Amino acid sequence: MDINQAIMLVPYITFFLMLGTSRSSDTIAVHQNISDGQTIVSGNAKFELGFFSLGTSKNRYLGIWFKNTSSQTIVWVANRETPLTDKLGLVILDNQGNLSLVNGSGKVTWSSNSLASGTNINLVVQLLNTGNLVIKNGNATNNESFVWQSFDYPGDTYLPGMKLGKNFITGRETYLTSWRSADDPSPGEYTLRTSMVKNKYPQVYIRRNSVIVTRSGLYNGISFSGGPVITPDTTDPEYVCYMVVNQNEMYFATIADETMVNRAGLTHWSRQEGLIPSSRGSLAGSPVVDLLHKETSRDS
């Protein structure tokens, strides 16, 4: 090969190298592997999914973080109990609707354990603008028809749009669990749960292992007993909480201004029994996070 031929090949080589190391899409298609170093970004460029390490640890995790914040803020971790020990991990969606994380030996270290019905075709994984990672029919227009979603499996972070409560049909309870340490996202000592029992007033409480260390008053449909009654500003609803109660489920959820970066977290360390200290945010005035301190900032 002479020098002129080599020069002509440079643009093509560069293109394929860029194709292999970068992605701008918010979706992963069936058998479209995502490797360490590649990411997908939500349509509003607010959230990013990829591999990361914590502190001085060399362990690798698959997770979601805020994309445009000064420091990396992790909001969800897939393999929080099964970290990879190298950068050879792959994320794979199969044609049955199961999302898997495999190590360099091809062993599955984490899976969504999901199975699509026969009506789901053109399956994709999509990182939504809310930070919710979902498996869905790529042709579907109903944003609630998901094969699987990460919002059903939160870690230490609550994001607006998540449901904290219980599904009486499936028995699934959705709650927060602290990390073990700043460098270890595996489940820690603290949990934040809502007591959702049919025909009883709900209550939010935090446990350290099996011991309740903090609890709210009972929720009467307007506010928690013993707490202030918060009237949202409907003309500028930056953070509005609501509660759903029916025969199928009971849960708290919030709606937030999408121009805001909102999260509520349950920390592994605490001067306030597992809560984020006041130096990192102000107390939220919404019932779902009355026991939490919420980090809020305006998008740049």
Side-chain angles (χ1 to χ4, degrees), residues 75 130 132 144 149 151-179 187-257 260 262-278 280-296:
V75 299
T130 58
N132 192 10
E144 296 297 322
Q149 59 179 332
F151 271 16
D152 284 340
Y153 306 91
D156 71 333
T157 300
Y158 176 86
L159 294 174
M162 282 183 179
K163 300 176 180 180
L164 289 182
K166 188 170 185 178
N167 185 309
F168 297 125
I169 303 300
T170 64
R172 182 191 306 282
E173 182 183 5
T174 306
Y175 56 93
L176 303 184
T177 306
S178 67
W179 287 13
E189 295 181 302
Y190 293 96
T191 57
L192 182 145
R193 308 172 94 127
T194 51
S195 60
M196 296 293 184
V197 181
K198 286 185 178 180
N199 303 319
K200 290 188 177 182
Y201 291 117
Q203 188 177 35
V204 178
Y205 57 90
I206 293 175
R207 291 181 185 268
R208 183 177 185 182
N209 298 318
S210 61
V211 178
I212 295 177
V213 293
T214 307
R215 73 173 75 204
S216 70
L218 298 175
Y219 186 69
N220 60 16
I222 300 175
S223 64
F224 286 99
S225 61
V229 176
I230 305 298
T231 303
D233 181 357
T234 56
T235 62
D236 186 21
E238 291 184 351
Y239 203 84
V240 177
C241 177
Y242 63 95
M243 181 180 178
V244 172
V245 180
N246 56 47
Q247 292 298 311
N248 296 329
E249 57 186 351
M250 292 177 64
Y251 64 86
F252 289 111
T254 63
I255 300 173
D257 183 345
M260 304 291 289
N262 288 287
R263 67 178 290 272
L266 187 65
T267 65
H268 65 277
W269 51 277
S270 178
R271 289 175 296 184
Q272 300 179 339
E273 304 296 353
L275 303 183
I276 294 177
S278 56
R280 295 183 60 189
S282 60
L283 268 174
S286 115
V288 74
V289 288
D290 264 350
L291 299 181
L292 294 171
H293 289 278
K294 176 170 65 74
E295 288 186 295
T296 306

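Computed from a predicted structure; not experimentally measured.
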4.5 Å side-chain heavy-atom contact, Y251 and T174: no
Separation between CG (L159) and CG (N132), nearest 0.5 Å, reads 9.0 Å
For T177, the side chain to side chain contact (heavy atoms under 4.5 Å, CB included) test, sequence neighbours excluded, returns R80, Y175, P187, T191
Salt bridge (Lys or Arg N to Asp or Glu O under 4.0 Å) pairs touching residues 242-252, sequence neighbours excluded, are K163-E249
_Any V204 side-chain heavy atom under 4.5 Å of T194 side chain_ = yes
For P202 and F252, the nearest pair of non-hydrogen atoms, with its separation, is CG-CZ, 4.2 Å
Hits for side chain to side chain contact (heavy atoms under 4.5 Å, CB included) against T170, two or more places apart or cross-chain, chain-then-number order -> N167, R172
On a heavy-atom basis, the closest approach of M162 and A253 is O-CB, 3.4 Å
Quick check: does any side chain N or O of Y158 sit under 3.5 Å from a backbone N or O of T254, one acting as donor and the other as acceptor? yes
In terms of heavy-atom contacts, V213 and R208 come closest through CG1-CB, 3.9 Å
Heavy atoms of F168 and Q247 approach each other most closely as CD1-O, 3.7 Å
Here the gap from Q203 atom CD to L218 atom CG, rounded to the nearest 0.5 Å, amounts to 5.0 Å
Rounded to the nearest 0.5 Å, the OG1 atom of T214 sits from the CD1 atom of I206 at a distance of 5.0 Å
Salt bridge (Lys or Arg N to Asp or Glu O under 4.0 Å) filter on R193, not counting sequence neighbours, yields E173
Closest non-hydrogen contact found for E189 with S178 is N-OG, 3.5 Å
Rounded to the nearest 0.5 angstrom, the OG-CE distance for S195 and M250 is 8.0 Å
